[in-house]
Amino acid sequence: MQPPEIPEDEEARLHSLNELNVLDTPPEERFDRLTRLAKRMFDVPIALVSLVDRDRQWFKSCVGLDVNQTARDISFCGHAILGHGVFVINDASQDGRFADNPLVTGPPYIRFYAGCPLKHSDGSKLGTLCLIDDRPRILSRDDIIALEDLAAMAEQELMAVQLATMDELTGISNRRGFINLAEQTLKMCIREKQSVSLIYFDLDNFKQVNDQFGHAEGDKALKAFAHIMRETFRDSDVYGRIGGDEFVVLLVNTSQSLAEETLVRLNQALADYNANTAHQYELSCTSGLVNCAAEADTSIQSMLDEADKLMYDKKQSRKSNH
């Protein structure tokens, strides 16, 4: 077995890793969403966001494994962070560096491994987003690009502490966080010729809720809407709170008609919430929906602007009819 070498910038790398204050923190949905998506996209039993510490690799997110860390000297990720691109082992049992590795000869019986390094903004490699299978596999060039795209999203989330990309009240992305993730996702969808839909939401009568029932009740309404978004949208979708009472979602590989069906489900979830919650107001929203065909050349900002205008026109039309 060949243990991984130590990178030349090891001390600076460890400093950058520890500065993030991510090690030994509880699981977070923003990372778990990516590993669940990776597992499903590549049809592998195990997907990890792995961070390489001084003597261990620790898993910020892990699907398919019962442990949250392993020793660094037997880690595949320790090898992956030494290079610049995706590190692929098609069959570890046939590779002299890994054939007698305890992770190959014993559980989880690794045969296939692919890990894309996760870089800090200073360039140091903190760990990987990786895929593991107990049978040999070969990745196509398109697969490698897709894994790199997912790793770029994981990097965005790792930098979230520095970039302040999460909305503290609701626990979902704020405007900056949404745009960072949505831009990466849109690039991937256009390259894969997948259509996307964006829906812009504005909560109805939110100012009156705050004025009549107080800001604590307003905060409760915002958190409830964010929870309904989590329950309604898929792991692959990107959503966030981008203003006081404004929310948005980017629906991946979704046509106009499928997006409209998603809106129906969300409105039904709101109706169920109102029916089962004892409060003196109704939680509802007005939305604007735009669809981007696979070959279209667009941007997240242009989609936001168009959906926001549609939503605003709908609100104005409703007011003029009363």
Side-chain angles (χ1 to χ4, degrees), residues 1-11 13-40 42-120 124-137 139 147 150-151 154-155 157-158:
M1 188 191 81
Q2 181 182 316
E5 296 176 10
I6 302 299
E8 291 181 8
D9 66 341
E10 178 67 352
E11 290 308 314
R13 188 191 72 81
L14 289 172
H15 176 75
S16 296
L17 176 60
N18 290 318
E19 214 174 30
L20 289 179
N21 293 315
V22 175
L23 291 172
D24 299 309
T25 56
E28 292 181 68
E29 176 61 17
R30 51 182 165 159
F31 294 102
D32 292 344
R33 182 180 71 86
L34 294 174
T35 50
R36 289 197 304 267
L37 179 57
K39 181 179 186 289
R40 189 170 72 244
F42 295 97
D43 191 28
V44 291
I46 299 168
L48 311 168
V49 171
S50 172
L51 301 175
V52 181
D53 201 1
R54 189 178 297 277
D55 299 309
R56 59 174 179 157
Q57 61 170 353
W58 177 79
F59 309 138
K60 177 58 183 168
S61 180
C62 168
V63 288
L65 272 185
D66 294 326
V67 297
N68 65 2
Q69 64 180 44
T70 63
R72 180 176 179 175
D73 62 357
I74 61 170
S75 73
F76 284 58
C77 297
H79 291 267
I81 65 169
L82 298 172
H84 295 289
V86 175
F87 180 72
V88 180
I89 302 296
N90 295 319
D91 186 352
S93 68
Q94 302 302 309
D95 190 308
R97 295 168 295 176
F98 302 104
D100 59 348
N101 185 302
L103 300 176
V104 176
T105 59
Y109 299 102
I110 296 173
R111 292 298 177 268
F112 166 80
Y113 171 93
C116 186
L118 302 176
K119 297 184 291 294
H120 190 279
S124 58
K125 299 180 184 70
L126 306 177
T128 73
L129 176 69
C130 67
L131 314 170
I132 292 171
D133 204 339
D134 55 6
R135 57 191 176 91
R137 294 275 295 267
L139 282 190
L147 180 57
L150 287 176
E155 286 176 355
E157 294 296 356
L158 282 172

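In this text, all values refer to a predicted model and were calculated from it rather than measured experimentally.
To the nearest 0.5 Å, atom CG of residue Leu65 and atom CZ of residue Phe59 are 6.0 Å apart. One finds the CZ atom of Phe112 at 11.0 Å from the CG atom of Asp91 (value rounded to the nearest 0.5 Å). Atom CD1 of residue Ile132 and atom CG of residue Leu48 lie 4.5 Å apart, to the nearest 0.5 angstrom. Here the CH2-OG distance, from Trp58 to Ser75, works out to 15.5 Å after rounding to the nearest 0.5 Å. The line from NZ of Lys39 to CG of Leu37 is 12.0 Å long, rounded to the nearest 0.5 Å. Distance check, rounded to the nearest 0.5 Å: CZ of Phe76 to CD1 of Ile89 gives 6.5 Å.
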Next item on the list: May I have the step-by-step check of side-chain contact (heavy atoms from CB on, under 4.5 Å) for Tyr113 and Val104, ending in yes or no?
Entry: CA-CA 11 Å; Tyr113 171 93; Val104 176; over 6 Å; no

Next item on the list: Please assess Leu103 against Phe98 for the test side-chain contact (heavy atoms from CB on, under 4.5 Å), listing each intermediate value before the final yes or no.
Entry: CA-CA 9 Å; Leu103 300 176; Phe98 302 104; over 6 Å; no

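Between Phe87 and His79, the two ring planes are parallel [angle under 30°; tilted spans 30° to 60°].
When all heavy atoms are compared, the tightest approach of Ile74 to Asn101 is O-ND2, 2.9 Å. In plain terms, the two heavy atoms of Asp53 and Arg13 that are nearest each other are O-NH2, 4.2 Å. Looking at every heavy atom in both residues, Ser124 comes nearest to Asp9 through CB-OD2, 3.7 Å. When all heavy atoms of Ala151 and Leu129 are compared, the pair lying nearest together is N-CD2, 3.5 Å. Considering every non-hydrogen atom in both Asp43 and Arg137, the closest pair reads O-NH1, 3.2 Å.
Taking a cutoff of 4.0 Å between a charged side-chain nitrogen and a carboxylate oxygen, Lys60 and Glu28 qualify as a salt bridge. Using a cutoff of 4.0 Å between basic side-chain nitrogens and carboxylate oxygens, Glu155 and Lys125 are not scored as salt-bridged. With salt bridges taken as basic N to acidic carboxylate O contacts below 4.0 Å, one links Arg56 and Asp24.
Counting heavy atoms from C-beta on, the side chains of Tyr109 and Pro107 come closer than 4.5 Å. Side-chain contact between Leu158 and Leu51 is present, with at least one heavy-atom pair separated by less than 4.5 Å.
More than 12 heavy atoms of other residues, nucleotides or ligands lie within 6.0 Å of CD in Glu10, so this atom counts as buried by the packing criterion.
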